[in-house]
Structures are given as structure tokens and as C-alpha cells.
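The next block holds one structure in the form of C-alpha cells; read it before the comments.
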Amino acid sequence: MFVLVDGLPGASIPVTDSAVVRGDGCFEAIRSYDGRLFALDEHLARLEHSAAALRLPLRDRGELAGWCKAAAVAGGEGIVRIIVTRGPAVPGVEGPGHTIVMHHGLPSRPDSLRLGPVHAPWHPAGRPWELSVAKTISYAPNLSASRSAVEMGFDDAVLLSDDGTVLEGPTFAVGWVKGGALETPALDLLILPSITRAHALELARRQGIEVREGRFPIDRALEADEFMAFSTTKEVMAVVGLGSAVFEPGPVAASLAVAFTELVAQATYRHSAGSWQTR
């Protein structure tokens with residue numbers, strides 16, 4: 001594992017830091033394809049939004065980008081993760097916050113994905129609040145939902161509002177095909193604005209697929225022709241089970257997965273004269 005703390009290799013953060021004591025901080029996870037970062041600027045823009053919502057000071061984007069590229073080159077295939085902390089959260093201890101940039105391997109990806117619906121009373125589900133779309137490091141409720149779904153015999157969860165509206169996965173966005181159209185929960189539900197989701201929807205439109213963003217009940221998703229998940233690690237992945245519903249991997253998910261792979265190949269980064277450029 002390659003780790004930089006405030007740009008320095010081999011450094012560490014104290015146990016008194018807010019990230020450890022309070023879970024107070026924000027993060028991003030960026031896919032590194034053999035040392036080439038995908039959608040770096042989009043991830044850094046979202047990090048800036050999260051830091052602003054948390055009132056966290058953030059390093060210059062150029063400096064952050066340089067650290068991320070260094071981690072990607074050092075680690076190769078995998079994930080480059082940025083974590084921004086507030087600093088000491090224990091009385092009597094003072095000091096600055098920290099920026100951690102690390103490269104780590106990809107999580108194991110199952111051959112198929114089965115999701116269990118789990119109600120998420122902590123989710124804003126369209127009720128605005130200042131951290132509603134910030135990518136904070138306080139992921140305990142989401143991970144608890146994943147564990148609950150696994151205990152029910154599924155691979156992961158899909159989160160529902162109190163009234164049964166489909167929201168998102170604990171660490172991914174979702175969509176499904178109904179009547180030839182790609183449907184997905186709308187961003188006004190205050191789900192995380194997934195970068196992979198945004199690219200997948202644009203690719204669908206380019207292929208002439210109608211895209212419907214809205215508020216959909218779980219019963220509608222259960223009656224879909226296809227179901228899929230979108231994320232940095234999953235990319236575009238077909239879902240074969242949602243609760244009691246069973247799906248066959250369909251042509252829309254397959255087509256979007258191929259198109260996303262081609263997009264990644266076209267949007268990788270190359271190093272030239274000390275700077276990185278999009279190709």
C-alpha cells in the first residue's frame with residue numbers, strides 16, 4: 001500500500017484526530033487503471049463540495065491532483081483514496097487537520113450481485129440538510145445496511161426511504177430498465193451524485209436509450225426487465241436479484257458496461273513534461 005500524509009510518505013495521523021475520534025472528515029475514491037486515473041477532476045470537484053459542506057479547509061486542487069497521480073503511478077491498478085480530516089478532537093490537543101492519499105487494491109467483485117431492500121431512516125431522501133450530498137467518512141449506517149442485507153442472504157443492500165422509495169446502494173447508485181427506458185432515482189432525492197452514474201446515463205442517451213430520473217417505489221423496481229449498479233469499483237454491473245425478484249443480465253447493462261470500458265480507455269491520463277493531460 002502506498003500512503004502519503006500531507007504529501008509525505010511514511011507519515012501517520014495521531015489517534016486524537018477527528019477522523020478517528022469523531023468520524024469527522026470527507027473522502028473520495030478514484031479508480032486507477034494501471035496507474036492512470038479516471039475522472040480525476042470530477043472527483044476533486046466533489047471533494048471540494050464535501051469539504052465546503054463540512055467547513056473543512058482543503059489543499060489546492062493542483063497539489064491534491066499531484067499527490068493522487070503519484071499514488072496511482074506507484075500503485076498501478078486499484079483505488080486512490082483521499083481522506084481529509086479536521087485535526088485533533090480531544091480537549092487539550094491542538095494541531096492542523098490532515099490530508100491522506102493512499103493507493104490500495106480493488107475489492108473483490110462477485111460474479112453476480114443480489115441486493116436486499118433495507119429501509120434507511122438516516123437518509124435525507126429529499127429532505128435538504130447541509131451534509132445531504134457530502135461524501136463524509138461517517139459511513140457506519142450504510143455499512144450496517146450492507147451487513148443486514150448479507151445476514152438476509154444477499155450480497156449487499158439497496159436503500160429505501162420510509163415510504164418505500166428506491167434511493168441508492170450503500171456505496172453505489174442503481175438503475176433499472178422498464179419498458180425499454182433506463183430509470184434511476186433522481187438526484188433531488190439527495191442521493192450521492194455518483195460520477196459513474198452520470199457517465200452511464202450520458203452513454204445511455206448517446207445510444208438512444210430513454211433515461212427517466214424520478215422517484216420510484218420499490219414495487220416498480222421489482223417489476224423491471226433489468227437492474228444494475230453503478231460505482232467506481234463496480235463500474236456498470238448487472239444485478240441478478242432484488243429481494244424476491246430475479247433478473248437475467250440484460251442487453252442494456254451489457255451495452256453500457258462495454259461503452260463505459262471504452263470511455264475509460266479514451267479518458268486516461270498520460271504524463272508529459274511534468275504535467276498530466278486528458279487524452
Within-4.5 Å side-chain heavy-atom neighbours: F154 and L115:
no

If you take all heavy atoms of L167 and L160, which pair is closest and at what distance?
CD1-C, 3.6 Å

How far does OG of S144 sit from CH2 of W122, to the nearest 0.5 angstrom?
6.5 Å

Donor-acceptor pairs under 3.5 Å, side chain of residues 86-99 to any protein atom, not counting sequence neighbours: which ones?
unit_1 : atom_1 : unit_2 : atom_2 : d
R86    : NE     : D24    : OD2    : 2.6
R86    : NH1    : L54    : O      : 3.4
R86    : NH1    : R55    : O      : 3.3
R86    : NH2    : D24    : OD1    : 3.3
R86    : NH2    : L54    : O      : 2.6
H98    : ND1    : D6     : OD2    : 2.8

Any non-hydrogen side-chain atom of L47 less than 4.5 Å from a side-chain atom of C26?
yes

Answer yes or no: is there a side-chain heavy-atom contact under 4.5 Å between V80 and F2?
no

Going by heavy atoms in the side chains, are I82 and I30 under 4.5 Å from each other?
yes

Hydrophobic clustering (ILVMFWY, side-chain heavy atoms < 4.5 Å, transitive) - are W129 and L56 grouped together?
yes

Basic-acidic side-chain contact under 4.0 Å: R31, E235:
yes

Can you check side-chain contact (heavy atoms from CB on, under 4.5 Å) on T232 and E28, steps first, answer last?
CA-CA 10 Å; T232 293; E28 279 292 325; over 6 Å; no

How close do D156 and A149 get, heavy atom to heavy atom, and via which atoms?
O-CB, 3.2 Å

Taking L192 as the starting point, is it possible to reach L201 by hopping between hydrophobic residues whose side chains are less than 4.5 Å apart?
no

Would you say that I191 contacts H123 through its side chain, given a criterion of any heavy-atom pair below 4.5 Å between the two side chains?
yes

Single-linkage hydrophobic cluster I209~L203, side-chain heavy atoms < 4.5 angstrom:
yes

Set of residues satisfying side chain to side chain contact (heavy atoms under 4.5 Å, CB included) with respect to R61, sequence neighbours excluded:
D41, L44, A45, E48

State the CG-CG distance between L190 and D188, to the nearest 0.5 angstrom.
7.5 Å

Locate the shortest heavy-atom distance separating F172 from F230; write the atom from each residue and the value.
CB-O, 3.4 Å

Evaluate side-chain contact (heavy atoms from CB on, under 4.5 Å) for F216 paired with K178, printing each intermediate quantity in order.
CA-CA 11 Å; F216 302 104; K178 180 79 171 174; over 6 Å; no

Minimum heavy-atom distance between L159 and A145, given as atom pair plus value
CD2-CB, 3.7 Å

Could you list the residues that satisfy salt bridge (Lys or Arg N to Asp or Glu O under 4.0 Å) with D225, not counting sequence neighbours?
none

In terms of hydrophobic clustering (I, L, V, M, F, W, Y; side-chain heavy atoms under 4.5 Å; direct or indirect links), are L58 and L40 co-clustered?
yes

Is M228 close to V177 at the side-chain level, that is, under 4.5 Å between some pair of heavy atoms?
yes

Shared ILVMFWY cluster between M102 and I137, side chains joined below 4.5 angstrom?
yes

To the nearest 0.5 Å, atom CZ of R81 lies from atom SG of C68 at 12.0 Å

Nearest-0.5 Å distance that lies between atom OG in S132 and atom CZ in R127:
11.0 Å

Using the salt bridge (charged side-chain N to carboxylate O under 4.0 Å, His left out) rule, take E183 and R220 through it: C-alpha gap first, then chi angles, then the decisive distance, then the call.
CA-CA 10 Å; E183 298 182 342; R220 185 171 182 84; 2.7 Å; yes

Would you say that T184 contacts L182 through its side chain, given a criterion of any heavy-atom pair below 4.5 Å between the two side chains?
no

Salt bridge or not between E42 and R46? Use side-chain N to carboxylate O under 4.0 Å.
no

Closest heavy-atom pair and its distance - P117, L242:
CG-CD1, 4.2 Å

For V166 and V174, the nearest pair of non-hydrogen atoms, with its separation, is CG1-CG2, 4.0 Å

When you measure from the side chain of R114 to the backbone N and O of V240, does any donor-acceptor pair fall under 3.5 Å?
no

Rounded to the nearest 0.5 Å, what separates atom CG in L64 from atom CG in L4?
11.0 Å

Side chains of Q207 and V252, heavy atoms from C-beta outward: is any pair under 4.5 Å?
no

Roughly how far apart are L256 CG and M237 CE, rounded to 0.5 Å?
15.0 Å

Distance flag, aromatic centroids of W176 and F247, threshold under 6.0 Å
no

